[in-house]
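Written out below as structure tokens is the structure these notes cover.
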Amino acid sequence: AQMVNNNGGVPFTEAENLLSRLKLDFDLTDSLSLTSTTGLLDLDNTVNLSATQTREGGGWVSSATTIETFSQELRLASDTGGAFNYQLGVFYEDSDRDFLIAQTAFGAASGAVALGSAQGDALLGAAFPPLAGAFVPFVGLNGADPFTGNTHDYTYTQDVTSETLSIFVSGDLQLSEQLTLAAGVR
């Protein structure tokens, strides 16, 4: 996930998603089948919102999420026509998830007083009547904070990479037409 800019003050959401699954079934014998299930997820989501949902400022929240996941399952299942049947298999998943969120609410980069607009003068004047004219040019700057150089007040990133492998087995024992005993482990 990469840092999001404020898009010139225009809120937006952009999403690109690919979610696919391929399932293949093979009859190995009359009583034994093999199933292969492959999954792929590729997600890129970017959001940039004004706290007021307008172009007139009020702080910004920007987020970017990227997820790339591949999974594969192989499952062997019996269908003997008798009282006992089983399944056994293996599952694998490889996933990389990156998340970034940036908030601009307090500093010069927030545009919290509408970038020096008449609305900004009115908002600041209502909150701090004697100081409104003195602060609008400073707080209304659009860009980096003049003291820290930061363009966001708060930034949080989380990068998670995981790999999963599991083996599973289960069995069904038909005790009567109305009752089946099932057990399994993963």
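The side chain to side chain donor-acceptor pair (under 3.5 Å) pairs that include a residue from residues 163-181 are Y92-E163, S166-R186, where partners are two or more places apart or lie in different chains.
Applying the side chain to side chain donor-acceptor pair (under 3.5 Å) rule to S33 yields no partners; only residues at least two apart in sequence or on another chain are considered. Shown here are the side chain to side chain contact (heavy atoms under 4.5 Å, CB included) partners of T13, two or more places apart in sequence or in another chain: N45, V47.
When the shell of 6.0 Å around CG of N17 is examined, it contains more than 12 heavy atoms from other residues, nucleotides or ligands.
The line from OG1 of T35 to CD of E73 is 8.5 Å long, rounded to the nearest 0.5 Å. With values rounded to the nearest 0.5 angstrom, S71 atom OG is found 9.0 Å from L41 atom CG. Interatomic distance, CG of L40 versus OG1 of T69, reported as 8.5 Å (0.5 Å rounding). Here the OG1-NZ distance, from T38 to K23, works out to 12.0 Å after rounding to the nearest 0.5 Å. Taking OG of S20 as the start and CZ of F70 as the end, the distance is 10.0 Å to the nearest 0.5 Å. Here the straight-line distance linking atom CG of D42 with atom CG of L18 works out to 6.0 Å at 0.5 Å rounding.
In the hydrophobic clustering of ILVMFWY residues, with side-chain heavy atoms under 4.5 Å counting as a link, L32 and L88 come out together. F84 is connected to L76 through a chain of hydrophobic side-chain contacts under 4.5 Å among Ile, Leu, Val, Met, Phe, Trp and Tyr, so both are in one cluster. Linking ILVMFWY side-chain heavy atoms closer than 4.5 Å, directly or via other members, places V160 and Y156 in two distinct hydrophobic clusters. Cluster membership for L173 and F168, using ILVMFWY side-chain heavy atoms within less than 4.5 angstrom, is not shared. Cluster annotation: L22 and L19 are assigned to distinct hydrophobic clusters (Ile/Leu/Val/Met/Phe/Trp/Tyr, side-chain heavy-atom contacts under 4.5 Å, transitive).
With contacts defined as side-chain heavy-atom distances shorter than 4.5 Å, the pair R21/T37 qualifies.
S78 places a side-chain N or O within 3.5 Å of a backbone atom of Y86 that can act as its donor or acceptor partner. A side-chain donor-acceptor contact under 3.5 Å links N85 to the backbone of T80.
For Q72 and S36, the side-chain atoms include at least one donor-acceptor pair closer than 3.5 Å. Using a 3.5 Å distance cut-off with no hydrogens or angles, the side chains of T161 and D96 do pair a donor with an acceptor.
Just one of D44, D159, D98 meets the side-chain hydrogen bond (donor to acceptor under 3.5 Å, both in side chains) condition when paired with T66; it is D44.
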